[in-house]
> 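Here it is: the structure, laid out below.
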Amino acid sequence: MGNLRIDLFSDVLTKPSAGMRRAMAEAEVGDEQKQEDPSTTLLQEMVAELLGKEAAVFLPSGAMCNQIAIRAHCRQGEELITDRSAHIRNFEVGGAAAMSGVQIFPLDGERGIFTSAQVRAAIRPRNNLAPRTRMVSVENTCNMGGGAVFPISEIAAIAAVAREHKLAMHMDGARLMNAVVKSGVAASEYARHFDSLWMDFSKGLGCPIGAVLAGSREFIEQCWPLKHQFGGAMRQSGIIAAAGVYALRNNVDRLAEDHGNADALARGLAGIPGLKVEPVETNMVFFTLPEGKLDAAMFLSKLAETGVRMSPGGPRRIRAVTHLDVTAAMIPEAIAAVERVLRTTQEH
Ligand SMILES: *Cc1c(COP(=O)(O)O)cnc(C)c1O
């Protein structure tokens, strides 16, 4: 793939810009573990303020945010309710079970979005046999749900059920800012329904590494020893936290450009006969190939020959993600490449 021109594989591919690299190079640093790294402290404060929470803690990855939150909220043998498609369930190597002894109850949501009624129905009765339901996790935006924005009204209804049953409310906000930019709902308005939530900096916000988990002061104090135990305590982490500070100041509003590019891509692809394109809300475009010999793996390798990369989202399902390093000018080229691959493979 030496001729890779357009990379729609994922928004994790974004590379730090010149301005971000400068901010990183010039970052003031200290020992994070003694809470003496000013850049890390600043990022934690900025995220806590953005989310309207008392405190926040910087971690190396979003997966660690999820896993530490599960450990903090639950005990062994307890149950966590989330959507069947959730990252927490499918892409964290069984972490809830492996590291916290927690079982996951999967809901059949629509594009990753489930309802308060589904949550209510999933809550276990209290008896000597059933696992105890302890936590609900909402993914916003829903990654495998096509980048769908979780409606704030449904979140409020789920939170009411959670309160009634004393369940912890957690948000996997890997792409929370995409949801905020798209919906116009403030981050703090989403956040007020959650006991814990986090946002990723290494996705559309363009940083090389890092995520921040937020909650009450008491919850974050509980997370600090877990950060050490899970191996996420760092030292001069200000070098990477400074990238997060830069991203919050420069890369949030521009997520709308990614959404516009994804929308243009989806509209172009919808014009190609045989392709089924799913609705686009944020920066992800999912489409299904026509019935036939061509499966996702074959399609992707033929597409790569044209210098365009996308990723598989199922046996015939393809995912294309727009991000900071994808320009509007690349979109018509990507559409043309998909069209060409389909045309040439159908001739044979
Ligand atoms: C990427 C992602 C994660 C994990 O984040 P990392 O920073 O890659 O560990 C968790 N949840 C969702 C929805 C994601 O897209």
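Side chains are part of it too, since the values below use all heavy atoms of this structure and drop only hydrogens, waters and symmetry mates. The structure presented is a predicted model; accordingly, all values stated were derived computationally and were not measured. Both counts, for ligands and for their atoms, begin at 1 and track the order of listing.
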> Considering residues, nucleotides and ligands other than E54, do more than 12 of their heavy atoms fall under 6.0 Å from its CD?
yes
> Is there a donor-acceptor pair closer than 3.5 Å between any side-chain N or O of E154 and the backbone N or O of S116?
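It does hold such a pair.
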> So which protein heavy atom does atom 4 (C) of ligand 1 come closest to, and at what separation?
H87 CE1, 3.5 Å
> Hey, which atoms in ligand 1 end up nearer than 4.0 Å to a heavy atom of S61?
7 (O), 9 (O)
> Taking both backbone and side-chain atoms of T141, is any N or O found less than 3.5 Å from an N or O belonging to ligand 1?
no
> Which protein heavy atom lies closest to atom 5 (O) of ligand 1, and at what distance to 0.1 Å?
D200 OD2, 3.1 Å
> Any side-chain donor-acceptor pair under 3.5 Å between H323 and N283?
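No donor-acceptor contact under 3.5 Å links the two side chains.
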> Quick one: does Q236's side chain have a donor or acceptor within less than 3.5 Å of a partner on E32's backbone?
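No, Q236 side chain to E32 backbone: no donor-acceptor pair under 3.5 Å.
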> Indicate, with yes or no, if L300 and V277 share a hydrophobic cluster defined by side-chain heavy-atom contacts under 4.5 Å among Ile, Leu, Val, Met, Phe, Trp and Tyr.
yes
> Could you list the atoms of ligand 1 found under 4.0 angstrom from a heavy atom of E139?
13 (C)
> Can you report which non-hydrogen protein atom sits closest to atom 11 (N) of ligand 1, along with the distance?
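Sorting protein heavy atoms by distance from atom 11 (N) of ligand 1 puts D172 OD2, 2.6 Å first.
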> Using a 4.0 Å heavy-atom cut-off, which part of W198 comes near ligand 1: side chain, backbone, both, or neither?
side chain
> Can you list the atoms of ligand 1 that are under 4.0 Å from a heavy atom of E92?
10 (C)
> Is it true that the side chains of T288 and R316 contain a donor and an acceptor less than 3.5 Å apart?
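There is no such pair between these side chains.
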> I'd like to know if M64 contacts ligand 1, where contact means a heavy-atom distance under 4.0 Å to any ligand atom.
no
> Which of the numbered atoms in ligand 1 are under 4.0 angstrom from any heavy atom belonging to A174?
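Atoms satisfying the 4.0 Å criterion: 2 (C), 11 (N), 12 (C), 13 (C), 14 (C), 15 (O).
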> Do NZ/NE/NH1/NH2 and the carboxylate oxygens of R309 and D7 come within less than 4.0 Å?
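Result for this pair is yes, salt bridge flagged.
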> So, regarding G62 and ligand 1 (criterion: nitrogen or oxygen to nitrogen or oxygen, under 3.5 Å), is there a contact or not?
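G62 vs ligand 1: N/O contact under 3.5 Å present.
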> Between R175 and ligand 1, which residue portion shows a heavy-atom distance shorter than 4.0 Å: side chain, backbone, both, or neither?
side chain
> Between A63 and ligand 1, which residue portion shows a heavy-atom distance shorter than 4.0 Å: side chain, backbone, both, or neither?
both
> Indicate whether any N or O donor in one side chain lies under 3.5 Å from an N or O acceptor in the other, for S196 and H73.
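Yes, because at least one side-chain N or O of S196 sits under 3.5 Å from a partner of the opposite role on H73.
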> What protein heavy atom sits nearest atom 1 (C) of ligand 1, and how far away is it?
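Looking at atom 1 (C) of ligand 1, the protein heavy atom closest to it is K203 NZ, 1.4 Å.
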> For the backbone of F58 and the side chain of Q44, can you confirm whether one donor and one acceptor N or O come within less than 3.5 Å of each other?
yes
